[in-house]
Structure formats: structure tokens, C-alpha cells
Amino acid sequence: YDTCSQASNAYERMIDDGYIVDPDYVSTLNSYEKCQMNPTGSDALGISSFIPSFNINADDVLVAVLDTGVMLNHDDLSGRFYNGGYDYSADGNENAEYDKSCESVYFHGTFVSGIIANNTMDNVRIIPFKVVPFGTNVETLSSCISAIYAATDMGVDVFNASFTSALGEASYQKAVEYAVDNGVCVCASAGSKGSLLTNSFPAMTPGVITVSALNSNLTGIANYSNYGAEVDFCAPGSSVNSAIPNIDGSSGYASYSGTSFSAPYVAAVCANIKSMNTDLSKAQVYDIMTDFAVDYGDSGLDSYYGYGMPNIGNITYQNDDNSLSLPQGDLIVYNTIDY
């Protein structure tokens with residue numbers, strides 16, 4: 001109608017004539033806003049305050065998720081995949097899209113991707129690397145190693161590996177060394193057996209950022225989380241909400257626990273830091289996370305929490321001169337030159 005009064009009069013006439021009439025409202029998808037899948041965890045990591053502070057035209061940051069297949073068209077993952085991914089599981093598929101008939105297994109890659117997507121800026125794009133064959137929950141060493149080399153050559157910035165293997169120490173060491181030398185942050189779960197880390201890779205591989213899991217209250221280590229000298233940081237891992245494919249193929253959500261889900265939180269932190277400067281090396285990203293870590297357990301580095309839980313909420317970005325400000329320490333000017 002041309003005017004509000006014409007629409008109102010028509011509405012009244014239709015009601016009088018017995019029609020059922022409603023205004024043409026819009027509906028929204030039942031999806032989570034940024035950092036709202038697990039707001040407590042996102043707040044504790046400082047991500048909730050970091051993301052709205054960085055309204056910059058950042059370059060794409062690519063995160064490789066080595067996992068099962070993923071639900072590429074999940075409501076909360078729309079636009080967050082760089083492409084359809086790659087199948088390194090020897091299934092013969094072209095991409096990493098999940099098979100609806102295997103939903104009991106294939107929630108894992110979608111769940112991990114959901115944590116990363118919900119805790120990163122939109123310039124962070126996910127590349128799924130399917131290393132788990134359809135209908136199973138295991139991956140071969142050759143699939144994982146091949147995916148690490150291939151993803152590094154594609155220029156990814158961050159890896160997430162939420163799995164552990166008892167074998168492959170030498171192979172993982174060479175592959176991770178290659179990735180780190182190319183500026184990649186490799187994040188891995190410590191494992192969920194509640195025991196000391198032994199023969200667990202890539203968690204024990206030098207250069208990997210190994211993540212343990214906190215309990216649901218974020219007050220201490222989860223009873224299922226592995227621990228050891230290789231642990232670098234801790235993150236939320238208990239009763240975590242994220243995206244899953246429903247059995248009918250629709251977008252769904254669920255809550256799970258495990259170090260599989262603490263690692264992608266730290267991968268998200270790495271990706272957010274890389275968003276400020278994609279040229280930052282793994283060592284530089286690591287140092288920033290260490291500087292802003294909230295200490296747990298014994299003072300400093302320990303075998304349960306590493307350096308603690310990264311909190312990047314205090315990092316500030318000044319758009320006027322593109323400088324990164326780390327608000328701790330002293331700046332001493334030794335001369336009087338106007339600079």
C-alpha cells in the first residue's frame with residue numbers, strides 16, 4: 001500500500017471479513033551471536049572484548065582444522081570457510097563435507113570449527129582437512145602428516161589438531177618444524193585420559209602449542225585433562241556448547257567436554273592475534289599469549305596449566321598509526337629529541 005493509513009484500513013477490513021491477518025514480520029535464524037556459544041569462556045579469554053575493539057580491515061587469517069568432515073552449510077558457520085576443504089583420509093572425496101549417514105562421528109570437526117568461528121573475527125577463515133575416514137573415529141599418521149605439509153604450503157596461519165597418536169614422533173617433529181618455520185601456530189589438545197603425557201603426538205612434539213582443559217567453572221584443571229611438561233596453556237574444555245549437524249541434516253547445537261575443545265579456543269586466540277599482523281611468527285604470537293596469560297596453579301609455567309589461560313582482552317590497537325600497544329612494562333626515552 002502507498003500509505004500507512006491505507007494498509008491499516010485494509011487490515012481492519014480483512015479482519016472484519018474473517019481473514020487471519022498478521023503484519024509481515026521478519027524472522028531470524030536460531031544462531032549464536034559472536035562469543036555467545038560459551039560467553040563465560042569467551043569472556044575469560046578476553047575474546048569478547050577483543051573482537052569489538054578491532055574494527056580494522058584485516059587480512060584473511062587461515063585456520064586449518066585437521067579433523068573429521070564438517071557441515072559446511074551450518075547456520076553458524078556460513079561464510080567462515082575459505083573453501084570446501086580437502087579430503088586426506090583416502091576416502092576419495094574432493095572436499096571435507098560431512099556425510100549425513102555418519103553424523104555420530106562427524107559432529108567433531110563441525111564442533112571444533114564452531115568454537116573457532118564463534119571466537120574469531122570474520123576475517124578468520126577455516127579450511128577443513130578431513131583426515132578421518134567416513135564411519136570411523138581414527139586417522140592415519142600419513143593422512144595427518146600429508147595434511148600438515150599441504151596446509152603449510154597453502155599459506156595457513158594456524159593449525160588445530162584435536163587428536164592424539166601414540167606413534168609418529170619423528171614424522172610429527174619434521175612436519176611441525178616445517179610449519180613453524182613458515183610462521184604457523186600449531187595448536188594441539190593435550191588428550192583426555194587424565195594422565196601424564198607419554199607417547200602422545202602431536203601434543204608432545206616440540207614447537208606445538210599444547211592445551212589442557214579447565215573444569216566447567218574455570219577454577220581448575222578438568223579431571224579428564226592430560227598434563228605434563230609439554231603443556232603450554234589451558235583453556236575452557238568442559239560443557240562447551242558448539243555447532244553440530246543434526247541427524248536430519250539441519251543445523252544443531254550440543255554440549256561436550258574434552259581437550260579436543262580447549263585446543264580450538266587457543267587456536268582462535270592465535271588467529272585473532274595474527275589478525276593484527278599476519279607476519280607475526282609463532283614465537284611472537286606465543287610471547288604475546290604468555291604476556292597476557294592468567295596464571296593458574298603454581299606461579300609461572302607448570303605441568304597442569306602451562307603459562308595459564310591467555311586473556312587478550314587488554315591488547316589495544318591504535319588505528320591512527322597502526323601500532324600495537326602492550327600495556328605493561330616501562331618505556332624510557334633517553335634523549336630530548338622531538339619524536
Side-chain angles (χ1 to χ4, degrees), residues 58-67 70 80-83 85-86 88 96 109 112-113 115-117 119-121 123-131 139 141-165 168-190 200-211 230-233 235 259-260 262-291 306-307 310 312 324:
D59 294 332
D60 274 354
V61 172
L62 302 181
V63 179
V65 173
L66 278 63
D67 215 291
V70 297
R80 299 307 303 275
F81 290 107
Y82 183 75
N83 57 24
Y86 306 92
Y88 275 76
V112 167
S113 297
I115 294 170
I116 295 170
N119 287 279
T120 53
M121 296 184 287
N123 65 291
V124 175
R125 311 287 295 283
I126 298 168
I127 306 179
F129 283 80
K130 178 176 167 288
V131 293
E139 63 277 336
L141 174 63
S142 59
S143 298
C144 298
I145 298 299
S146 297
I148 291 173
Y149 280 108
T152 301
D153 289 341
M154 290 177 195
V156 302
D157 300 283
V158 181
F159 279 111
N160 187 85
S162 288
F163 56 82
T164 57
S165 171
E169 179 178 4
S171 296
Y172 276 116
Q173 185 165 341
K174 293 295 290 185
V176 169
E177 183 180 305
Y178 180 70
V180 172
D181 285 348
N182 282 275
V184 183
C185 297
V186 182
C187 301
S189 53
S200 183
F201 308 100
M204 297 181 68
T205 304
V208 167
I209 300 172
T210 302
V211 187
E230 294 79 10
V231 171
D232 295 287
F233 298 101
T259 59
S260 279
S262 56
Y265 271 111
V266 173
V269 169
C270 290
N272 284 326
I273 294 173
K274 280 271 195 176
S275 293
M276 297 185 293
N277 182 356
T278 53
D279 291 332
L280 289 172
S281 67
K282 177 259 178 178
Q284 290 172 315
V285 173
Y286 191 96
D287 286 346
I288 292 173
M289 288 197 294
T290 302
D291 286 344
Y307 286 105
I312 59 174
L324 171 65

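Residues that satisfy the side-chain contact (heavy atoms from CB on, under 4.5 Å) test with Thr152, not counting sequence neighbours, are Ile148, Phe159, Tyr178, Ala179, Asn182, Val184. Scored by the side chain to side chain donor-acceptor pair (under 3.5 Å) test, Tyr82 finds no partners at all (sequence neighbours excluded).
Summarising the geometry of Gly155 relative to Leu62, their closest heavy-atom pair is O-CD1, 4.2 Å, with the distance given to 0.1 Å. Nearest heavy-atom pair across Leu66 and Val131 is C-CG2, 4.1 Å. Closest approach of Val158 to Cys187, counting heavy atoms only: CG1-SG, 4.4 Å. Of all heavy-atom pairs between Asn83 and Pro128, the closest is O-CD, 4.0 Å. For the pair Lys130 and Ala96, the tightest heavy-atom approach, listed with the atom from each and the gap, is CB-CB, 3.9 Å. Smallest separation of non-hydrogen atoms from Ser189 and Thr164: O-CG2, 3.9 Å.
In the model, Ser113 has no side-chain atom that pairs as donor or acceptor with a side-chain atom of Arg80 under 3.5 Å.
Rounding to the nearest 0.5 Å gives a distance of 8.5 Å between NZ of Lys274 and CD of Gln284. Once rounded to the nearest 0.5 Å, the distance linking CE of Met154 with CD1 of Ile127 reads 6.5 Å. Taken from OG in Ser200 to CD in Glu169, the straight-line distance is 11.0 Å, to the nearest 0.5 Å. In this structure, CD1 in Ile116 is found 14.0 Å from CZ in Arg125, a value given to the nearest 0.5 Å. A distance of 11.0 Å separates CZ in Phe201 from OG1 in Thr210, rounded to the nearest 0.5 Å. We find the CZ-OG distance between Phe129 and Ser146 to be 11.0 Å, quoted to the nearest 0.5 Å.
The closest donor-acceptor contact from the side chain of Ser143 to the backbone of Tyr88 lies under 3.5 Å.
The aromatic rings of Phe233 and Tyr307 sit tilted, their planes meeting at an angle between 30° and 60°.
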Next item on the list: Kindly indicate, with the supporting measurements, whether the criterion side-chain contact (heavy atoms from CB on, under 4.5 Å) is fulfilled by Val61 and Thr120.
Entry: CA-CA 10 Å; Val61 172; Thr120 53; over 6 Å; no

Checklist line | Evaluation steps, side-chain contact (heavy atoms from CB on, under 4.5 Å), between Tyr286 and Asp232 | finding: CA-CA 9 Å; Tyr286 191 96; Asp232 295 287; 2.6 Å; yes

Next item on the list: Could you please spell out the steps behind the side-chain contact (heavy atoms from CB on, under 4.5 Å) verdict for Val208 and Glu230?
Entry: CA-CA 9 Å; Val208 167; Glu230 294 79 10; over 6 Å; no

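Looking only at side-chain heavy atoms (C-beta outward), Ser171 and Leu141 come within less than 4.5 Å of each other.
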Only pairs under 3.5 Å count here: list side-chain donor-acceptor contacts from residues 262-272, not counting sequence neighbours, and write none if there are none.
{"unit_1": "Ser262", "atom_1": "OG", "unit_2": "Ser212", "atom_2": "O", "d": "3.3"}
{"unit_1": "Ser262", "atom_1": "OG", "unit_2": "Thr259", "atom_2": "O", "d": "3.0"}
{"unit_1": "Tyr265", "atom_1": "OH", "unit_2": "Asn38", "atom_2": "ND2", "d": "3.3"}
{"unit_1": "Asn272", "atom_1": "OD1", "unit_2": "Met121", "atom_2": "N", "d": "3.4"}
{"unit_1": "Asn272", "atom_1": "ND2", "unit_2": "Asn119", "atom_2": "O", "d": "2.9"}
{"unit_1": "Asn272", "atom_1": "ND2", "unit_2": "Ala268", "atom_2": "O", "d": "3.3"}

